[in-house]
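Values below: all heavy atoms of this structure, side chains included; hydrogens, waters and symmetry mates excluded. Keep in mind it's a predicted model, so treat the numbers as computed, not measured. Position 1 is the first residue of the sequence; numbering continues from there.
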Amino acid sequence: KTHDPNLLLDIDQALIIGHPDKDVYLLFMAHAVSYTCMLRQSEKAKSLYSLANSSLSKKINIVVQVNWQQASAEIKSIDSKFGEAIQLMAESLKLIDRELPRYRIFLINFARMLSLNGSLKVLNKLDFKLLNSPTNERQDYLFTEMKLVNCVMIGAFKEGFDLLAEHRKK
């Protein structure tokens with residue numbers, strides 16, 4: 001993926017300016033941590049995480065809390081603590097009502113992490129069914145990609161080729 005090199009500077013500027021609403025600030029920080037993890041900038045991600053974690057309070061919006069917990073899981077993942085990362089992701093899903101539209105977004109994040117570890121089968125049947133019934137083409141592509149990555153990680157190449165052939169028919 002490509003990124004705007006100025007974006008990291010913009011993140012730093014936003015940190016200096018801050019925000020009066022703690023929920024907005026933490027939501028921004030969760031996404032900044034996730035973004036820097038995606039760029040494999042682990043030191044930057046950890047410093048952002050540490051800075052924001054020091055300002056956590058018990059009274060934060062549940063969606064922000066789930067975002068923060070998933071960002072925490074990504075920090076564990078870049079430290080190669082995959083078991084802890086997966087546990088944090090699983091716990092984050094328990095915090096939010098599965099009927100909310102954002103549940104699917106958080107579930108996609110969890111499934112992506114599972115697939116990268118060859119553990120997609122850990123998903124419960126309801127969540128697997130939810131991901132397997134996408135509401136748009138992008139979601140269909142994302143879940144197919146996760147299933148393919150999972151096949152590669154576990155060495156199930158025939159299953160992966162079958163998934164790819166099935167996806168091409170769509």
Side-chain angles (χ1 to χ4, degrees), residues 1-117 119-120 122-124 126-127 130-131 133-143 145-146 149:
K1 293 184 176 182
T2 61
H3 73 95
D4 179 356
N6 292 323
L7 191 53
L8 294 174
L9 295 173
D10 292 343
I11 289 171
D12 290 341
Q13 284 297 324
L15 291 175
I16 293 167
I17 296 168
H19 197 281
D21 185 322
K22 193 167 258 188
D23 283 341
V24 171
Y25 175 75
L26 287 171
L27 184 61
F28 170 79
M29 291 298 285
H31 287 285
V33 166
S34 294
Y35 180 71
T36 52
C37 284
M38 179 194 72
L39 294 177
R40 302 286 187 244
Q41 295 197 3
S42 61
E43 293 307 315
K44 177 83 169 175
K46 289 175 186 178
S47 67
L48 291 170
Y49 177 80
S50 179
L51 180 64
N53 206 37
S54 67
S55 67
L56 277 179
S57 70
K58 294 190 188 269
K59 296 181 181 181
I60 58 174
N61 177 288
I62 193 67
V63 171
V64 175
Q65 189 176 346
V66 173
N67 270 285
W68 187 250
Q69 192 152 344
Q70 290 200 346
S72 300
E74 291 186 54
I75 291 290
K76 294 291 185 188
S77 182
I78 63 172
D79 281 341
S80 298
K81 297 178 180 176
F82 302 116
E84 290 177 49
I86 287 170
Q87 184 64 34
L88 280 169
M89 283 284 195
E91 289 171 7
S92 75
L93 290 180
K94 293 176 185 174
L95 297 174
I96 194 160
D97 183 351
R98 74 180 335 274
E99 299 303 317
L100 292 175
R102 289 191 178 174
Y103 180 86
R104 185 185 292 260
I105 294 166
F106 295 125
L107 177 59
I108 287 170
N109 292 340
F110 180 43
R112 181 183 51 82
M113 184 175 283
L114 288 173
S115 71
L116 289 169
N117 290 289
S119 304
L120 200 53
V122 168
L123 279 179
N124 68 48
L126 284 174
D127 285 342
L130 181 63
L131 288 175
S133 51
T135 59
N136 60 50
E137 191 175 309
R138 175 153 170 72
Q139 287 177 0
D140 181 44
Y141 172 80
L142 283 172
F143 194 49
E145 180 184 47
M146 286 180 230
V149 167

Item to check | Separation between CD1 of Ile78 and SG of Cys37, rounded to the nearest 0.5 Å | outcome: 4.0 Å
Next on the checklist: Strictly distance-based, threshold 3.5 Å: is any side-chain N or O of Glu145 a donor or acceptor partner for the main-chain N or O of Tyr141?
Outcome noted: no
Next on the checklist: Is there a side-chain contact (heavy atoms from CB on, under 4.5 Å) between Asp97 and Ile62? Walk through the geometry before answering.
Outcome noted: CA-CA 10 Å; Asp97 183 351; Ile62 193 67; over 6 Å; no
Checklist entry - Between Met113 and Leu116, is any pair of side-chain heavy atoms under 4.5 Å apart? => result no
Checklist outcome for this item: In short, Leu120 meets Ala111 closest at the heavy-atom pair CD1-O, 3.6 Å
Next on the checklist: Closer than 3.5 angstrom, by distance alone: can the side chain of Asp127 be matched with the main-chain N or O of Leu123 as a donor-acceptor pair?
Outcome noted: no
Next on the checklist: With rounding to the nearest 0.5 angstrom, report the OH to CD1 distance, Tyr25 to Ile17.
Outcome noted: 12.0 Å
Next on the checklist: side-chain contact (heavy atoms from CB on, under 4.5 Å), that's the test. Do Phe82 and Ser77 meet it? Break it down for me.
Outcome noted: CA-CA 5 Å; Phe82 302 116; Ser77 182; 3.6 Å; yes
Checklist entry - Do Gln65 and Gln69 have side-chain N/O donor and acceptor atoms under 3.5 Å apart? => result no
Checklist entry - Does a side-chain heavy-atom distance below 4.5 Å link Lys22 with Val64? => result no
Item to check | Over all atoms of both residues, closest heavy-atom pair of Arg104 and Pro134 | outcome: NH1-CA, 3.7 Å
Checklist entry - Is there a side-chain contact between Val24 and Leu27 (heavy atoms, below 4.5 Å)? => result no
Checklist entry - Counting only heavy atoms not in Arg98, do more than 12 fall under 6.0 Å of its CZ? => result yes
Next on the checklist: Would the distance check show the side chain of Asn136 and the main-chain N or O of Arg138 forming a donor-acceptor pair, the cut-off being under 3.5 Å?
Outcome noted: yes
Checklist entry - Is there a donor-acceptor pair closer than 3.5 Å between any side-chain N or O of Ser119 and the backbone N or O of Asn117? => result yes
Item to check | Pair Lys44 + Asp12: basic N to acidic O under 4.0 Å | outcome: yes
Checklist entry - How many angstroms lie between CD in Glu84 and CG in Asp79, if you round to the nearest 0.5 Å? => result 9.0 Å
Item to check | Distance (rounded to the nearest 0.5 Å) between Leu130 CG and Tyr103 OH | outcome: 7.0 Å
Item to check | Side-chain donor/acceptor of Asp23 to backbone N/O of Asn61, under 3.5 Å | outcome: yes
Item to check | Value rounded to 0.5 Å, distance of CG in Leu39 from CG in Leu8 | outcome: 6.0 Å
Next on the checklist: Applying the ring pair (Phe, Tyr, Trp, His ring centres under 6.0 Å) criterion to Trp68, which one of Tyr49, Phe28, Phe106 satisfies it?
Outcome noted: Tyr49
Checklist entry - When rounded to the nearest 0.5 angstrom, what distance separates CG in Asn53 from OG in Ser72? => result 6.0 Å
Item to check | Donor-acceptor under 3.5 Å (Ser50 side chain, Lys46 main chain) | outcome: no
Next on the checklist: Does Gln70 form a side chain to side chain donor-acceptor pair (under 3.5 Å) with Glu74? I'd like the steps, not just the answer.
Outcome noted: CA-CA 6 Å; Gln70 290 200 346; Glu74 291 186 54; over 6 Å; no
